[in-house]
Asker: 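Shown below is the structure under consideration.
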Amino acid sequence: MERGAIDVGSLDGPFDLQATLESGQSYLWTREDERAYETDGAHGGDHTYHTVVPPIDGVNDQREVVRVRQRGGVQEGTLEWESTTDATPILTHLLRLDDDLDAILARTPDDPLFERASEAYEGMRLVRDPPFSCLVSFICSAQMRVHRIHGMQRRLEATYGEPIDFEGERYHAFPTPKRLAEASEAALRDLSLGYRAPYVKRTARMVAEGETRPERAADMAYESAREWLTRFVGVGQKVADCVALFSLDFLEAVPLDTWIRSVIADRYPDCDRGGYVETSRAIRERFGGPIAGYTQTYVFHHLRSGGE
DNA sequence: TATCCAAGGTAAGTT
DNA sequence: AACTTACCTTGGATA
């Protein structure tokens with residue numbers, strides 16, 4: 001067992017672990033003192049979270065357990081971690097601690113809605129989820145509430161994920177493409193995936209059989225990447241944007257979900273161009289171009305947690 | 001207590 | 001290419 005701490009003050013800009021992990025971006029972490037995230041706008045808490053990380057190119061070369069909590073605030077606090085390995089590079093990768101948040105926020109729009117959102121969730125960062133897990137979790141997100149999406153991922157892990165024992169506890173990795181491809185549709189439905197069950201199975205099979213992998217979109221231009229990602233079953237433009245933004249480093253991606261669409265209708269009607277592609281371009285420009293995805297995530301979380 | 005409805009959409013079938 | 005519709009499940013609202 002290794003343990004360590006990351007000094008938040010050493011980062012470029014603040015960091016809020018709870019706001020980052022409970023803002024509906026990632027469904028791959030579990031809060032230890034809670035069955036499921038309430039996600040009612042919580043931030044600044046000192047809860048402990050854990051995840052099991054798959055091998056990530058240039059970061060770690062085997063599965064690792066990581067537990068982390070934040071102490072002492074979003075400006076000068078520390079991130080205390082325990083892991084099967086040195087978790088500093090892993091956390092830096094997964095939680096985008098390498099982003100210069102001050103510089104990014106300086107590029108967001110001068111807009112009252114965004115001002116309120118960024119004040120309410122100071123230190124919220126985007127995540128950088130592992131691609132396959134991100135893809136599956138957002139396929140599951142269709143027409144589903146946030147805490148239920150989270151529950152589906154936990155059941156997938158418990159049922160099909162490789163177990164790893166750490167400090168007397170048993171953790172489960174996210175299932176491999178092979179395991180999900182081998183699962184029966186009925187078994188996946190038993191985990192309450194509903195009509196998403198065959199989507200997950202077929203997408204997993206595409207990856208397991210080596211046909212293609214979501215990572216391949218990372219080297220493409222943004223709009224090409226989004227279009228390309230829709231080849232996976234259960235992935236349309238919106239889910240493709242989520243994978244682009246929350247996993248593949250396309251910070252310009254703005255997923256057009258029902259919340260953002262209602263914001264567009266209410267506050268930026270000139271950006272509603274009818275189709276996804278054109279509306280996406282317009283709102284991306286309004287939200288800050290290259291960092292529009294950061295703006296989207298603050299606005300989304302703010303609205304979803306009751307702000308207006 | 002029973003019923004109804006909508007939830008971070010997508011695929012497949014029509015016009 | 002643009003427009004409908006069906007699709008699993010279930011917590012929370014309404015009667």
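None of the values given here were measured: they were computed from a predicted structure. Reminder, nothing fancy here: chain letters follow the sequence lines and each chain counts from 1.
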Asker: Could you check how far NZ of A:K238 sits from P of B:dT10, rounded to whole Å?
Answerer: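 So the NZ-P distance, A:K238 to B:dT10, works out to 7 Å.
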Asker: Which of parallel (below 30°), tilted (30 to 60°) and perpendicular (above 60°) describes A:Y121 and A:H302?
Answerer: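 Perpendicular, since the angle between the ring planes exceeds 60°.
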Asker: Which of these nucleotides, B:dG9, C:dT10, B:dA12, is closest to any side-chain atom of A:R148?
Answerer: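 Taking heavy atoms from C-beta onward, the closest nucleotide is C:dT10.
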Asker: A:F232 CZ to B:dT10 P: how many Å, rounded?
Answerer: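 Nearest whole value for this atom pair: 14 Å.
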Asker: Tell me the interatomic distance from A:K201, atom NZ, to B:dT10, atom C1', rounded to whole angstroms.
Answerer: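 About 19 Å, once rounded to whole Å.
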Asker: Using both distances under 3.5 Å as the test, list the Watson-Crick or G-U wobble partner of B:dC4, or none.
Answerer: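 When the pairing criteria are applied, C:dG12 turns out to be the nucleotide that pairs with B:dC4.
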Asker: Think A:S192 has a side-chain N or O under 4.0 angstrom from the OP1 or OP2 of C:dT10?
Answerer: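 Yes, because at least one side-chain N or O of A:S192 sits under 4.0 Å from OP1 or OP2 of C:dT10.
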Asker: Under 4.0 Å between any heavy atoms, over every strand shown, what does A:E185 touch: base, sugar-phosphate, or nothing? Just pick one.
Answerer: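 No contact.
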Asker: Taking the side chain of A:R145 as its heavy atoms from C-beta onward, which of C:dG11, C:dC8, B:dT10 lies nearest to it?
Answerer: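 Side chain of A:R145 sits closest to C:dG11.
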Asker: Suppose you measure atom P in B:dG13 against the same atom in C:dC8; what distance do you get, rounded to whole Å?
Answerer: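 Pairwise P distance, B:dG13 against C:dC8, rounds to 14 Å.
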Asker: Looking only at the aromatic ring of each residue, does the gap between the centers of A:F287 and A:Y268 stay below 6.0 angstrom?
Answerer: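 Between A:F287 and A:Y268, which both carry aromatic rings, the centre distance is below 6.0 Å.
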Asker: Check the distance between B:dG9's P and A:I260's CD1 and give it to me in whole angstrom.
Answerer: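 It is 12 Å, rounded to the nearest whole Å.
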Asker: How many whole angstroms separate atom CG of A:L188 from atom P of C:dT9?
Answerer: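 Result: 12 Å.
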Asker: Give one of base, sugar-phosphate or nothing for A:R196, where a contact means two heavy atoms less than 4.0 Å apart.
Answerer: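 Since a base atom lies under 4.0 Å of A:R196, the category is base.
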Asker: Rounded to the nearest angstrom, tell me the gap between atom OH in A:Y27 and atom P in B:dA7.
Answerer: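 The distance from OH of A:Y27 to P of B:dA7 comes to 14 Å, rounded to the nearest Å.
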Asker: State whether A:E119 and A:R116 are salt-bridged, where the test is any N-O pair (Lys NZ or Arg NE/NH1/NH2 against Asp/Glu carboxylate O) under 4.0 Å.
Answerer: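 No salt bridge links A:E119 with A:R116.
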Asker: Apply side-chain hydrogen bond (donor to acceptor under 3.5 Å, both in side chains) to the pair A:Y49 and A:E22, showing each step before the final yes or no.
Answerer: CA-CA 10 Å; A:Y49 302 83; A:E22 301 195 25; 2.6 Å; yes
Asker: Is the shortest distance from a Lys or Arg side-chain nitrogen in A:E185 or A:R189 to a carboxylate oxygen in the other one below 4.0 Å?
Answerer: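 Here A:E185 pairs with A:R189 in a salt bridge, since their nearest N and O are under 4.0 Å apart.
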Asker: Of the listed nucleotides (C:dG11, B:dG9, C:dC8), which one gets closest to any side-chain atom of A:M144?
Answerer: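 Of C:dG11, B:dG9, C:dC8, C:dC8 is nearest to the side chain of A:M144.
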Asker: Can you measure A:R231 atom CZ to B:dA11 atom P for me and round it to whole angstrom units?
Answerer: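 Computing the A:R231:CZ to B:dA11:P distance gives 13 Å.
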Asker: Side chain of A:Y276, base of B:dG9: donor and acceptor closer than 3.5 Å?
Answerer: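 There is none.
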Asker: OP1, OP2 of B:dA7 versus side-chain N and O of A:Q143: anything below 4.0 Å?
Answerer: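 Answer no for this pair, as no side-chain N or O of A:Q143 is under 4.0 Å from OP1 or OP2.
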Asker: Give a yes/no answer on whether the side chain of A:R189 brings an N or O atom under 4.0 Å of OP1 or OP2 in C:dC8.
Answerer: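 Answer is yes, contact under 4.0 Å.
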Asker: Quick check on DNA chain B: between A:T230 and A:Q25, whose nearest nucleotide comes earlier from the 5' end?
Answerer: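 Nearest-nucleotide comparison on DNA chain B picks A:Q25.
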Asker: Starting at CE of A:M206 and ending at C1' of B:dA11, how long is that distance when rounded to a whole Å?
Answerer: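 In whole Å, B:dA11 C1' lies 14 Å from A:M206 CE.
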